[in-house]
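Residue numbers start from 1 in every chain, and the chains themselves are labelled A, B, ... in the order their sequence lines are given, proteins ahead of strands.
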Protein chains: 2
Amino acid sequence: MRISEVAAATGLSVDTLRFYEKIGLIDPPPRDGAGRRVYDDAVLAWIRFIGQLNATGMKQADRVQYARLRAAGDSTLRARREMLEAHREVMRAQMVTLQETLLLLDQKVDFYRELEGRTKNV
Amino acid sequence: MRISEVAAATGLSVDTLRFYEKIGLIDPPPRDGAGRRVYDDAVLAWIRFIGQLNATGMKQADRVQYARLRAAGDSTLRARREMLEAHREVMRAQMVTLQETLLLLDQKVDFYRELEGRTKNV
DNA sequence: TTACGAGCTGGAGTGCACTCCAGCTCAAGC
DNA sequence: GCTTGAGCTGGAGTGCACTCCAGCTCGTAA
């Protein structure tokens, strides 16, 4: 796949893909005769995964760290697992905050509806 | 309360409190004889609330918008309710992403444990 | 064969959300 | 009465995560 195809398939921009490569989040792909990047399909799954880490609040630096471990091979399995476990705990905490805030917003929305009803009748 | 006390009570820095005032997220409090800000206790609940909006991913600009509506009084009840309802939907989507990613991380962690066990036995 | 578009590089620019700084005033304790 | 420290202002600086740009090279279609 060419870079524009990867961009289309992932929703990232071409610039972002090159940027991710520069910071070490994506492995530098091989090039064709004209020096253009040629991506393997497997990159799509990887981009999707780092997208999920991103969407759940993992920082760039940590994603880069994870990518580096991944690139380093089997000796980093334990370290990778520990990173994922740590992130899992962060996510659980986020979930709690979300749930609390959802509840609070439900209350506030109800309260606003009340007041709206009342002011309409004045 | 003085600004340092509000900072201590909320976990925000003094600079951040003044910054929030500058951008309209916190109402400018009255000043004492020496020109120092004097806060009402009620600000603590408000700061806590905007902190929750922040923690659940609401953008600064939207929080400022909400603060402006709030300052404008009862005629904005409907608009405020609608903002909270919109944010509630964003949060529900976040929750789904979190849950999906949690599941995925559980699988990955298990998988890594498997591999670790295996490589240990080689 | 020439025009076009995709891709390349290094580096500058952007937007967000703070964070820090210089240089000032003031109040209170010693 | 002098020092210390908290607070004040306007403005500059920071870190993150992109995003854009100039100026170049290629490969393909007309």
Interatomic distance where CD belongs to A:Gln60 and P belongs to C:dC16 [whole Å]: 18 Å
Mark yes or no for whether B:Thr56, through its side chain, and B:Leu53, through its backbone, hold a donor-acceptor pair below 3.5 Å. yes
Tell me, which of residues 10-46 of chain A have any heavy atom that sits under 4.0 Å from an atom in DNA chain D? A:Asp15, A:Thr16, A:Phe19, A:Tyr20, A:Ala34, A:Arg36
Is any side-chain N of the basic residue among A:Arg80 and B:Glu116 closer than 4.0 Å to the acidic one's carboxylate O? no
If the plane angle is over 60° it's perpendicular, under 30° parallel, otherwise tilted; pick one for B:Tyr112 and A:Tyr66. tilted
If you count every heavy atom of other residues, nucleotides or ligands that lies below 6.0 Å from A:Arg113 atom CZ, does the total exceed 12? yes
May I ask you to evaluate whether A:Arg2 reaches the phosphate of D:dG27, defined as a side-chain N or O under 4.0 Å from OP1 or OP2? no
Regarding B:Arg92 and B:Glu89, does a basic nitrogen lie under 4.0 Å from an acidic carboxylate oxygen? yes
